[in-house]
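A quick write-up on the structure given underneath.
The basis for the numbers below is simple: all heavy atoms, side chains too, and nothing from hydrogens, waters or symmetry mates. By convention in this document, chain letters (A, B, ...) are assigned in the order of the sequence lines, proteins followed by strands, and residues within each chain are numbered from 1.
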Amino acid sequence: MRESYDPAAVERAAQQYWDERRVFAAREDSARPKYYCLSMFPYPSGRLHMGHVRNYTIGDVLARYMRMQGYNVLQPMGWDAFGLPAENAAIANSMPPAQWTRQNIAYMRGQMKALGLAIDWEREFATCDAAYYHWNQWLFLRMLERGIAYRKTGVVNWDPVDQTVLANEQVIDGRGWRTGAPVEKREIPMYYLNITRYADELLRSLDELGGWPERVRVMQANWIGRSEGCEISFPYAPDTRAAVGVAGALKVFTTRADTLFGVTFMAVAAEHPIALAAARGDPRLAAFVEECRRGSVMEADVATQEKKGMPTGFHVLHPFTGEPLPVWVANYVLMGYGEGAVMGVPAHDERDFEFAQRNALPVVTVVGSPRGAYQEALAPWIGAYAEHGELVNSGQFSGLGFQAAVDGIAAALEVKGLGRKRVQYRLRDWGISRQRYWGCPIPLIHCAGCGQVPVPDKDLPVVLPEDLVPDGSGNPLAKTPSFYECACPKCGGPARRETDTMDTFVDSSWYFLRFACPDDKTRMVDERVDYWLPADQYIGGIEHAILHLLYSRFWTKVMRDFGSLKFGEPFTKLLTQGMVLNHVYSHQPPGGRKRYFNPADVYTRRAQDGAQIAEVATADGPLRVEHEGLGKMSKSEGNGVDPEGLVARFGADTSRLFMMFAAPPEQTLEWSDEGVQGASRFIRRLWHAVHGHVSAGEASRPVAGTLTREQRDLRRVAHQALAKATDDIGRRHHFNTAIAAVMELLNAVGQFADASPQGRAVRQEALEIAVLVLAPITPHVCHALWQGLGGPGPLIDVPWPKVDSSALAQDFHEIVVQVNGKLRGHVSVPANSDEATVREAALADERVRKFMDGKPPRRVIVVPGKLVNVVV
RNA sequence: GCCCGAAUGGCGGAACUGGUAGACGCGCCGGACUCAAAAUCCGGUUCUGGCAACAGAGUGUGGGUUCGAUUCCCUCUUCGGGCACCA
């Protein structure tokens, strides 16, 4: 082996070795246990960023480790290739999204290959390949046949100037990103997938996901949001009946039916039929309804906006007392959630309380909370008001506790035909229609005579034309007759093809299945899926904890119910990688569009008053930019760091080692390349240690029982490091501490000067352990070092080493002694000492006696092998 | 606003099940090598007091449980993620 470490040469040689032998091409093999190691495929945004490097290195370490453990490993890669950024790039560069996307894929594939990932590239595909999205369309039609896909109207952000539907991301402070025009809500027909049909199963089967982080399961459970409550109907009073034109009732859902006698008003969404009916005769109300129609549809905006309301002048009747209750329009009630109406109980609900205070509505206490019920009209809200308690002022139900009250009220409502118990979910059906070009076409045809007609299976896929260039106004597909003009498959008459495309979450909801059979031209999935799936380990960012993972679980269950799959959960274990954060800098000219700047281009200086000023250099001189804090590395915020420079300067192994050493995978990481020198230095030290060792000739194996104390010490350090690294990599996925253990081992090897044959044998074993443990993390240099050490066979085929437990044995234990919980001394006791011996040794210690100050021990706590605490 | 996390030296982090706080690395300081620099090697490095031995304090804030709390419970603060059309 060469004396000095040349990362470029080492990495070229190792990658060539793997490529020539196709060592990562995975084949089904019933003789070996399989391990499907899946990382979330990237959006081809142009360049990899450090979040990608982190994600794919974690996956690669696990894949290579499990291969060493004897598993038949599949690690695939593909591209989540449809999406909005390609259209934005197209607008900016007048280039078709397809061209931009495919260029990016080619570039990023090269970057990934440079990292030396153990990927089976023969399975690669992009979701914009017709051979892939063909099956999106095929399954969508099967869902349509079974009523899982259906059509209804939905609310979108509408830019009135560009006449375009905007993504939430394109709405900035309530205005369109390009035009600056105030955004409006607009209802349009859309296609939905009936995920709520699976709400109960999606919730219950979270319990089976023992390999998922607790926090993800909690987030999903809260998102699905099962609540048990009552549906209650408030019959229209005569004024409402007259305005709406028919007799009826205002239906609400509540988890607090026990507070029914405390209802003092009703609140409906601005889009509710009662609100619209009332607005027809009231210009002020009409203006308020119009105001509510403005603004974005995002829940975060709705939840934080000022709570406003206006009375309709109409009334509904209390189901028990018959008392008329005023109906208000409120901007915080959402039409798309529940019934679009809520009952207002100001005495026992904080939001209702604030609304009542603001609008001078009465407050009626109906629950005697043990910690104090609402009394004074102007008293501030306290949490106790919302607590369960005994009912008061509630007619026949007074005196009942929470559950008895809910049961009694529900039963009585049912008798009257005005309500019943019901389970409600927060989860809403999944709207998949996008009024965009760069996505999978929805395979439907609209015929004047036949209505909505599915594209026949034989005509699939409906291929997306790849040569269009969007201009930001509307969907280019809707302006392309060669795409939308077609014949009705039923009657043969002229018809119009659907121009909406599918949400890109559809593409990513099943790609992991297709990696098992990417070449099957006749079926969506085949029997190879039964071999590889479910994926044993899924790795991806915590930001996908809800949407992507929930949609993938739903899609899997649908395919299972169609008979295509034999399992209902796609990912057995989940590792949610913490985000790699970087600073976010932006500039927004008055009335103009906000632009983001990469932190690498930003420099800061001090103003005269000492304040930090951030600027970027432009052709027109320095431009002041605003620091928005830290955020995940992303294309849209322009704060990604391209790993290319790092790899070019230090090599893939150093980059991988540095990234894995920086923090455990699940932890958020603020990007900094300080410390990368340390990773580079460590690899060079290892190289020199191996080189120095092997240039002195061959070494034998150590012979147990004949070793000196120093030789036994080094063996113990080596096997301790191996035991720790095995646990850290295999179980905990804490690669940073595994690396630290190898660093300690290398430090010990450096201290070990024994050049005797036995000494050299022990050093050989220690270096082999160091190289094998690092093999999953820094595979290229370890490939070369293994050759240098004369290890048997190529590293890629070497199994994970086994801990020699006899090497770990220790004769003495260092016991920590505390007095009153404070560290006061150490004693060394033989490893097999009993509790009494340890206690005696501790009490005999001089320093311990000094701090006991002559007082007798009140209590002595002995933790075997570790610690003694003397309480005086 | 709601849901989920996180906070430990100058910095990244370690302490896994309640038992020695600061492993390992970066940076910094000192030394060796060198004409010099880089690289490399050796030593030191939580803070305060002390020449030292040593003592005291210390894991975002305030409280609680415990012989013992970075770890468990409650409060608050700050930061990050998600909130259904960014992916």
Side-chain angles (χ1 to χ4, degrees), chain A residues 40 42-43 45 80 82-85 88 154 156-157 165-171 213-216 218-223 225 297-305 307 332 336 351 426-436 503-505 508 541-548 550-551 576 578-579 581 629-632 634-637 658 661-664 666-670 672 674-679 681-682 684-685 688 727-728 731-732 734 736-737 739-744 747 750 814-818 820-823 826 858-861 863 866-872:
Chain A
M40 290 183 185
Y43 178 79
S45 56
D80 188 12
F82 278 135
L84 194 58
N88 296 343
V156 294
N157 302 305
V165 175
L166 297 178
N168 284 338
E169 193 189 45
Q170 295 172 315
V171 179
E214 175 71 13
R215 61 168 158 159
V216 175
V218 169
M219 279 192 264
Q220 292 221 347
N222 289 337
W223 184 263
V297 298
M298 291 161 72
E299 190 185 310
D301 292 343
V302 175
T304 49
Q305 74 191 352
K307 286 170 190 51
Y332 64 87
R351 209 165 52 169
R426 204 186 77 93
L427 183 68
R428 310 200 290 261
D429 273 348
W430 175 12
I432 59 157
S433 295
R434 297 292 180 268
Q435 297 69 43
R436 292 226 185 85
D503 180 5
T504 57
F505 275 123
S508 56
I542 182 68
E543 70 272 24
H544 296 290
I546 295 174
L547 293 179
H548 161 61
L550 192 66
Y551 291 144
T576 45
M579 254 146 318
L581 306 182
L630 290 164
K632 63 173 173 175
S634 74
K635 179 90 179 168
S636 57
E637 293 188 329
F658 172 58
F661 187 56
E666 309 221 75
Q667 226 167 83
T668 301
L669 185 64
E670 186 183 337
S672 157
E674 266 180 48
V676 68
Q677 294 279 1
R681 195 175 296 152
F682 170 67
R684 283 203 307 273
R685 283 181 60 214
H688 290 130
D727 189 49
D728 283 347
R731 179 180 65 89
R732 300 175 56 201
H734 279 211
N736 57 330
T737 49
I739 294 164
V742 180
M743 287 176 168
E744 285 181 88
N747 289 343
E814 281 286 304
I815 304 289
V816 165
V817 189
Q818 300 177 330
N820 289 335
K822 283 192 184 243
L823 174 68
H826 297 87
R858 250 197 322 149
R859 218 176 133 182
V860 180
I861 290 132
V863 182
K866 271 199 170 159
L867 170 142
V868 176
N869 187 13
V870 182
V871 186
V872 296

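When distances run from any side-chain atom of Leu84(A) to the nucleotides C86(B), A14(B), A57(B), the shortest one goes to C86(B). Checking A87(B), G12(B), A84(B) against every side-chain atom of Phe505(A), the shortest atom distance belongs to A87(B). Between C4(B), G13(B), U40(B), one nucleotide has an atom nearer to the side chain of Gln667(A) than all others, and that is G13(B). Comparing G5(B), G1(B), C16(B) against the side chain of Arg215(A) picks out G5(B) as the nearest. Closest to the Leu547(A) side chain, of the nucleotides C83(B), U20(B), C85(B), is C83(B).
One finds no salt bridge joining Glu670(A) and Lys632(A) here, because no Lys/Arg side-chain nitrogen approaches an Asp/Glu carboxylate oxygen to under 4.0 Å.
Judged by distance alone, with hydrogens and angles left aside, Asn168(A) brings no side-chain donor or acceptor close enough to the base of C85(B) to form a pair under 3.5 Å. Under 3.5 Å, the side chain of Gln435(A) and the base of C85(B) form at least one donor-acceptor pair of N or O atoms.
No side-chain donor-acceptor contact under 3.5 Å links Ser508(A) and Asp80(A).
Contact annotation: Arg681(A) side-chain N/O to G27(B) OP1/OP2 distance is under 4.0 Å.
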_Pair pattern of RNA chain B in dot-bracket, where unpaired bases get dots and | marks partners in another strand, Watson-Crick or G-U under 3.5 angstrom_ = (((((((..(((......[....)))((((((.......))))))((((....))))..(.(((..]....))).))))))))....

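A distance of about 13 Å separates the C1' atoms of C26(B) and G9(B), rounded to the whole Å.
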